[in-house]
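Only this structure's heavy atoms are used, side chains among them; waters, hydrogens and symmetry mates stay out.
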Amino acid sequence: MEGQGGIPVKRRLIRDIRVYAVASSAFLGLILDGYDTGIAGGVVSNAWFQNQFGLTASNANDLSSNVVSVLQAGAFFGSLISGFTAGWFGRKWTLVGSSLVFIVGAILATIAKDQHTRGLAYIYAGRVICGLGVGAMSSIGPLYAAEIAPKAIRGRVVGLFMVNVATGVLLSYWVNYGVAIHSPPDSAAIWQIPFGVQILPAGLMFVTLLFCKESPRYLAIKGRTQEAIDVLCWYRRAERHDDEVKGEIAEIEATILEEREARDGVTWTEAFFGKGNWPRFLITFLIMLFQQFSGQNLVNYYGPQLFKSIGYVGQTPALLATGVYGVVKLVASFIFVWWVVDKFGRRWSLFCSSFGMGVCFIIVGALYLTHPPDPNAATPSGASRAMAGMIYLYCFSYAMGTGALPFVYCSEIFSNRVRHLGLGWAGMNQWIWNFTISRTALNIETGLGGKTFICFGIINIFGLSVLAYFLPETKGRTLEEMDVIFGSIKAEDRKADIDRAEIEIAADLKATDIEMANKEHQPGFAPTSAPVMPIPAKEEATHIEQS
């Protein structure tokens, strides 16, 4: 059985196991992204929380929106800052720092007590600081994963972030549900347990990242070419003279040489408006705008309130319905990332996903307007159950493209020189529109009722699906090929630069081999590091036979 690139699935998994492991470590923080977006809505809708922190009928919507949305405000600035720190200090250390920042914020939110002692100010401050960490994680995690992944599985590897986000959302729903039915109704555990749980994945992310290696593309950009080759060998579990390693490093070096010859330092004008750059920043802006206005965050942040509005009366039924939504999202996200994204590509997956979302939400809106739920009903009506079912189908459509693809696509399209700025830009756009929706969605839903779903449905069909139809396909292309796709350089010029880089790298490798051979013959020589693990002979023979 063959996988991507004509390589047997088993061999591909074995060879790329380190890529999956490092990406999983980087994406642990994105469990926090999903968890934080889901946990606040359940906490602030709890009657005891509202009593303890002074939420009344007149200010409940505003204060609930504040608790939810301050995280997005922090995340906007976290994305902005991370675009620079990832270029200065590297991808790995930016993520390590962001995990520590998040832990500080989570502790502040957890120790909040009531409106008189350690009140909402602690929760606000904690969630802003958590947002700084989450913003950096959501921007640099996909960047890091894209730069270490082979082109054949890049969509799957980067898409794992959405599986982690969905895991976090699911965890938040069921933590809220568990706390609601098992904790005393007048206990601070109602918010301290949900806020405290998030410290665990942040701590695990910090520890595991310490043992991970930096992005080889970052090292090459910094002029540390030999170190970049060694790190690439480690990720590919290959030797320095492996054809795949030599070809990949030559392509990386070709783009760096082109950029160095063209200009000494990246400027703001060049980064955003240079040849082939401005379309990528524009695509990033639009794809993040439409994703955030797809209606997904209405369910993410205010799931319990939303299910109450369609007829699931009472705290426990609403939380249970929201928990089922989280299960659907996680399962669908895993199916898409593992089997769909690298087989069917980015463009058509995003188109079908957004179109399906639009149809589902328009049906929900029509049902709401023609069969309005009875707020006094003891159990959900048939129309309410039908609306819930369509919301679950909407979730499935979202997870089968719109959830993961915006960041997968944005992590691929930028050049090596400005990728960290591009992903910072992507994160900023995601979070500013995320903030807008989280701050206004509850009031919109309260004011418009079923028309809210129809509005979001129209945006999906006539906004995101139309954009997706015109996007260039990036499946199976290397990161360095994106300059050719977006017109920064001609294909024949790039090929000439790669040929030149291959000659230079071959000469450098030969010189290094001679130097190492001479050192080995010197008395007292001892290797400073363990050799790179080669591919098992049986698997190597299979590769040669296929070639």
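- Separation of atoms CD1 (I103) and CG (L32) is listed at 9.0 Å; rounding is to 0.5 Å.
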Run the numbers on Q198 and F102 for side-chain contact (heavy atoms from CB on, under 4.5 Å), then give the verdict. CA-CA 9 Å; Q198 60 193 340; F102 185 93; 3.3 Å; yes
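- Remark: the E480 side chain and the T255 side chain contain no N/O donor-acceptor pair separated by less than 3.5 Å.
- Classification of R15 and D242 as a salt-bridged pair holds, one side-chain N sitting under 4.0 Å from a carboxylate O.
- E412 places no side-chain N or O within 3.5 Å of a backbone atom of A146 that could act as its donor or acceptor partner.
- Summarising the geometry, atom OG belonging to S215 is positioned 7.0 Å from atom CD1 belonging to I221; distances are rounded to the nearest 0.5 Å.
- Considering all non-hydrogen atoms of both residues, G159 and V337 come closest at O-CG2, 3.1 Å.
- The pair R280-D483 counts as a salt bridge, with a side-chain nitrogen and a carboxylate oxygen less than 4.0 angstrom apart.
- Across every non-hydrogen atom of F344 and S349, the tightest pair is CB-OG, 4.1 Å.
- Expressed to the nearest 0.5 Å, how far NZ of K213 lies from CG of L219 amounts to 10.0 Å.
- Other residues, nucleotides and ligands place more than 12 heavy atoms under 6.0 Å from the CZ atom of F293.
- Under the 4.5 Å side-chain criterion, counting only non-hydrogen atoms from C-beta, M400 is not in contact with C352.
- Salt-bridge check for E214 with R224: failed, with every basic side-chain N at 4.0 Å or more from each acidic carboxylate O.
- No donor-acceptor distance shorter than 3.5 angstrom exists from the side chain of N429 to the backbone of M288, with no hydrogens or angles considered.
- Side-chain N or O atoms of R419 include one that pairs as donor or acceptor with a backbone N or O of F414 at under 3.5 Å.
- Rounded to the nearest 0.5 angstrom, L289 CG and L286 CG are separated by 6.5 Å.
- In this structure, the side chains of M162 and Y398 come closer than 4.5 Å at one or more pairs of heavy atoms.
- Side-chain contact between V163 and L330 is present, with heavy atoms from C-beta onward closer than 4.5 Å.
- Across every non-hydrogen atom of I413 and I283, the tightest pair is CD1-CG2, 4.5 Å.
- Remark: aromatic rings of F281 and W278 are distant, center separation not under 6.0 Å.
- Ring pair W348/F351 is perpendicular by interplanar angle, where above 60° counts as perpendicular and below 30° as parallel.
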Begin from the C-alpha positions of F336 and L405 and carry the test side-chain contact (heavy atoms from CB on, under 4.5 Å) through to its verdict. CA-CA 10 Å; F336 173 75; L405 277 178; 3.7 Å; yes
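- Residues T402 and Q296 have side chains not in contact (no heavy-atom distance under 4.5 Å, counting atoms from C-beta outward).
- Using modelled atom types, one side-chain atom of D342 and one backbone atom of R156 make a donor-acceptor pair closer than 3.5 Å.
- With values rounded to the nearest 0.5 angstrom, Q430 atom CD is found 7.5 Å from S139 atom OG.
- Contact annotation: the side chain of R91 never approaches that of I148 to less than 4.5 Å [non-hydrogen atoms, C-beta and beyond].
- Side-chain N or O atoms of E239 include none that pairs as donor or acceptor with a backbone N or O of H241 at under 3.5 Å.
- Here D497 does not pair with R494 in a salt bridge; the nearest charged N to carboxylate O distance is not below 4.0 Å.
- Under the 3.5 Å distance criterion, the side-chain polar atoms of S79 are matched with a main-chain donor or acceptor of G135.
- Counting only heavy atoms from C-beta outward, the side chains of I287 and L471 approach each other to under 4.5 Å.
- Looking at every heavy atom in both residues, L143 comes nearest to A86 through CD2-CB, 4.4 Å.
- Note: L423 CG to M428 CE = 12.5 Å, rounded to the nearest 0.5 Å.
- Salt bridge status for D230 with R240: present, with a side-chain N to carboxylate O gap under 4.0 Å.
- Annotation for G141 and L95: closest pair N-CD2, 3.9 Å, computed over non-hydrogen atoms.
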Could you walk me through whether E227 and K222 pass the salt bridge (Lys or Arg N to Asp or Glu O under 4.0 Å) test, one step at a time? CA-CA 10 Å; E227 189 178 350; K222 292 299 182 181; over 6 Å; no
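- Just one residue in the list S294, S397, S465, S353 forms a side chain to side chain contact (heavy atoms under 4.5 Å, CB included) with N460, and that residue is S294.
- With a 4.5 Å cut-off on side-chain heavy atoms, K490 and V484 do not count as touching.
- A distance-only check finds no donor-acceptor pair linking the side chain of R346 to the backbone of Y409 [under 3.5 Å].
- Close placement of the Y20 and W338 rings is indicated, their centers lying within 6.0 Å of each other.
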Kindly indicate, with the supporting measurements, whether the criterion ring-ring contact (aromatic ring centres under 6.0 Å, His included) is fulfilled by F407 and F161. CA-CA 9 Å; F407 261 115; F161 95 92; 5.7 Å; yes
Let's go through E248 and R217 carefully: what are the C-alpha distance in whole Å and the side-chain angles of both, what is the deciding distance for salt bridge (Lys or Arg N to Asp or Glu O under 4.0 Å) to 0.1 Å, and is it a yes or a no? CA-CA 10 Å; E248 190 169 353; R217 285 173 170 82; 3.5 Å; yes
Should V101 and I129 be marked as a side-chain contact (heavy atoms from CB on, under 4.5 Å) after you check the CA-CA gap, both sets of side-chain angles, and the distance that decides it? CA-CA 7 Å; V101 169; I129 295 172; 3.8 Å; yes
Show, in sequence, the C-alpha distance, side-chain angles and deciding distance for L71 and W431, and conclude whether the side-chain contact (heavy atoms from CB on, under 4.5 Å) test is met. CA-CA 9 Å; L71 181 130; W431 290 110; 4.2 Å; yes
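- V22 has its side chain out of reach of K92: every pair of non-hydrogen atoms, C-beta onward, lies at least 4.5 Å apart.
- Distance alone, capped at 3.5 Å, is enough to place a donor-acceptor pair between the S411 side chain and the V408 backbone.
- The shortest heavy-atom contact between A149 and V19 is CA-CG1, 3.9 Å.
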